[in-house]
Amino acid sequence: MMHPLRSEKHYPFITRTLIDLFSSGLLPNVESIQIEPVYGYVGRIVYRNGLVRLYKGSSMGINNLGASEISKDKGYTKYFLSALGYATPQGQVFLLPRFIELIDKNLGRYGFNEYADAGKIQEYVEQGMGYPCYIKPNEGSQGRGIEKCLNATELREALARLAEEGALKALVEKAVPYPDYRVVVLGGEVLSCYLRKPLRIAGDGRSTVRELLAQRQALFEAQGRDTVIDLEDHRIDKKLAACGLTRETVLSQDHSFQIYDVSNLSVGGDSEDFTDRIDPRWKKLCIEVTAAMGLRFCGVDLACEDICNGASAYSILEINAAPGLDNYAASGDRQAAVVRDLYRKVFNESGV
């Protein structure tokens, strides 16, 4: 059943942008658009040449399905990037007991038992990379489930939480001490590059940490950002406790505090645009990585000592075949224009 095309406030940013572009006549190759009307999360685009494209969330149907699936798997991505000669953080994927039980029903028939058991993670860290390290679900995005571990106790606790949350595989990696950049590539061109900064609150001498977080959430909403700070996230209390603070602590005016050890914009991080400052070497590298991984559209997460200097040290943290750009677009008029033009180009392509 076809529903009238309309844009609702609660629809995802990408859907609202698509509807606006189509309604403004900026998608001349598009014949019609059908949006699932309740949540606006999926859509069907019919082009004038008869081709049809479906999209879901920020996955716009522009990339090869196999390449997109590989990019979701941090371990497989690390394998291919390393094999191709690119620098990635030292690390390895380990299997949680539930996953070993599942795959052993098949592989065990062939006498295979060389599983990287998660019980070996602590030994792997302490005899190799050392602390601090990061542990994260092997599949996932937006910074969910990622924890920085400073010692064996934190590592064990983080691994237990991953198991409780249903993760099947865990990736442990050495912490890379460089700033974190997201470089967005489309069809052999770098469209944007921005530094991602972890969520940080600044004290005013009156407000508690809890109140400062609420103020930051209100600011996000005023800016049009879809970011929601998860006040139930245990990582907030863990970080505060490590510094002798609680949510009821009043921060002085000269005291700022970093809430997370991850810099994802989806958990409240801030961005600084480096599109006009990124060195050509890093542009070339990110374009090459995108093509080498079978993608046309990609967000390359690049840890780089100095992205303005082509001779700097670097490490590719991961790649994203469906990078969400809503928070970046909300950071300024220039950024909003870049994202809008990107979506115009992508959705007007009738040959995908």
Side-chain angles (χ1 to χ4, degrees), residues 1-74 76-77 80 139-142 182-192 224 226 266 286-287 289-300 318-330 335-352:
M1 178 181 177
M2 292 288 289
H3 295 270
L5 189 62
R6 67 179 191 275
S7 183
E8 302 287 355
K9 289 189 297 184
H10 68 277
Y11 283 2
F13 171 77
I14 190 170
T15 296
R16 288 184 276 118
T17 303
L18 170 61
I19 293 173
D20 181 56
L21 288 169
F22 181 69
S23 301
S24 301
L26 296 176
L27 302 178
N29 291 331
V30 175
E31 176 70 33
S32 64
I33 297 174
Q34 182 180 2
I35 304 294
E36 186 282 318
V38 178
Y39 303 106
Y41 193 67
V42 300
R44 180 175 180 269
I45 304 170
V46 179
Y47 291 90
R48 297 189 186 281
N49 63 4
L51 293 179
V52 175
R53 184 201 303 193
L54 279 80
Y55 80 92
K56 179 180 181 181
S58 57
S59 181
M60 298 184 288
I62 190 173
N63 285 319
N64 172 282
L65 178 59
S68 295
E69 289 299 307
I70 291 293
S71 75
K72 295 177 184 177
D73 188 299
K74 297 178 175 64
Y76 284 142
T77 297
F80 284 115
E139 294 87 13
S141 60
Q142 300 184 329
R182 164 67 61 85
V183 183
V184 179
V185 176
L186 173 64
E189 178 185 1
V190 169
L191 298 181
S192 67
D226 291 338
S266 52
C286 291
I287 290 170
V289 165
T290 298
M293 295 302 292
L295 299 168
R296 290 191 62 238
F297 179 48
C298 181
V300 180
E318 56 186 76
I319 61 175
N320 193 325
L325 299 172
D326 48 338
N327 291 309
Y328 172 70
Q335 291 78 8
V338 167
V339 174
R340 181 178 173 82
D341 192 54
L342 181 154
Y343 287 151
R344 181 191 61 79
K345 292 177 182 177
V346 169
F347 282 122
N348 198 47
E349 287 188 359
S350 57
V352 177

Checklist entry - Can you list every salt bridge (Lys or Arg N to Asp or Glu O under 4.0 Å) pair that touches residues 62-71, not counting sequence neighbours? => result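 Salt bridge (Lys or Arg N to Asp or Glu O under 4.0 Å) check on residues 62-71 returns Glu69-Lys72.
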Checklist entry - Which pairs, with at least one residue in residues 319-329 and sequence neighbours excluded, count as a salt bridge (Lys or Arg N to Asp or Glu O under 4.0 Å)? => result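 Residue pairs with at least one partner in residues 319-329: there are none.
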So which atom in [X] and which in [Y] form the shortest heavy-atom distance, rounded to 0.1 Å?
X	Y	value
Arg182	Pro323	NH1-CB, 3.3 Å
Leu295	Cys298	CD1-SG, 3.8 Å
Asn348	Val30	OD1-N, 4.3 Å
Ile14	Gly57	CG2-O, 3.3 Å
Ala329	Phe13	CB-CZ, 3.7 Å
Leu18	Ile35	CD2-CD1, 4.3 Å

Donor-acceptor contact below 3.5 Å, side chain [X] vs main chain [Y]:
X	Y	result
Arg53	Glu349	yes
Ser58	Ala322	yes
Ser23	Asp20	no
Thr15	Val42	no
Arg340	Thr17	no
Arg16	Ser7	no
Asn63	Ala321	yes

Item to check | Single hit among Asn320, Thr290, Ile62 for side chain to side chain contact (heavy atoms under 4.5 Å, CB included) with Phe297 | outcome: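 Testing each of Asn320, Thr290, Ile62 against Phe297, the sole residue satisfying side chain to side chain contact (heavy atoms under 4.5 Å, CB included) is Ile62.
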Next on the checklist: Once ring pair (Phe, Tyr, Trp, His ring centres under 6.0 Å) is applied, do any residues pair with Tyr55, and if so which ones, sequence neighbours excluded?
Outcome noted: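 Ring pair (Phe, Tyr, Trp, His ring centres under 6.0 Å) list for Tyr55, sorted by chain: Phe347.
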Item to check | With sequence neighbours excluded, residues passing ring pair (Phe, Tyr, Trp, His ring centres under 6.0 Å) with Tyr328 | outcome: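 Result, ring pair (Phe, Tyr, Trp, His ring centres under 6.0 Å) vs Tyr328: Tyr194.
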From [X] atom [atom1] to [Y] atom [atom2], the distance as rounded to the nearest 0.5 Å:
X	Y	atom1	atom2	result
Arg44	Ser32	CZ	OG	7.0 Å
Ile70	Phe80	CD1	CZ	5.5 Å
Ile19	Leu5	CD1	CG	4.5 Å
Asn29	Arg48	CG	CZ	8.0 Å
Leu342	Leu191	CG	CG	5.0 Å
Ser68	Met293	OG	CE	10.5 Å

Item to check | Counterpart residues, salt bridge (Lys or Arg N to Asp or Glu O under 4.0 Å), relative to Asp341 (two or more places apart) | outcome: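 With sequence neighbours excluded, Asp341 shows a salt bridge (Lys or Arg N to Asp or Glu O under 4.0 Å) to Arg344, Lys345, given in chain and number order.
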Next on the checklist: Test of understanding: with salt bridge (Lys or Arg N to Asp or Glu O under 4.0 Å), list the residues that count as partners of Glu36, not counting sequence neighbours.
Outcome noted: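 Per chain and number, Glu36 pairs via salt bridge (Lys or Arg N to Asp or Glu O under 4.0 Å) with no residue.
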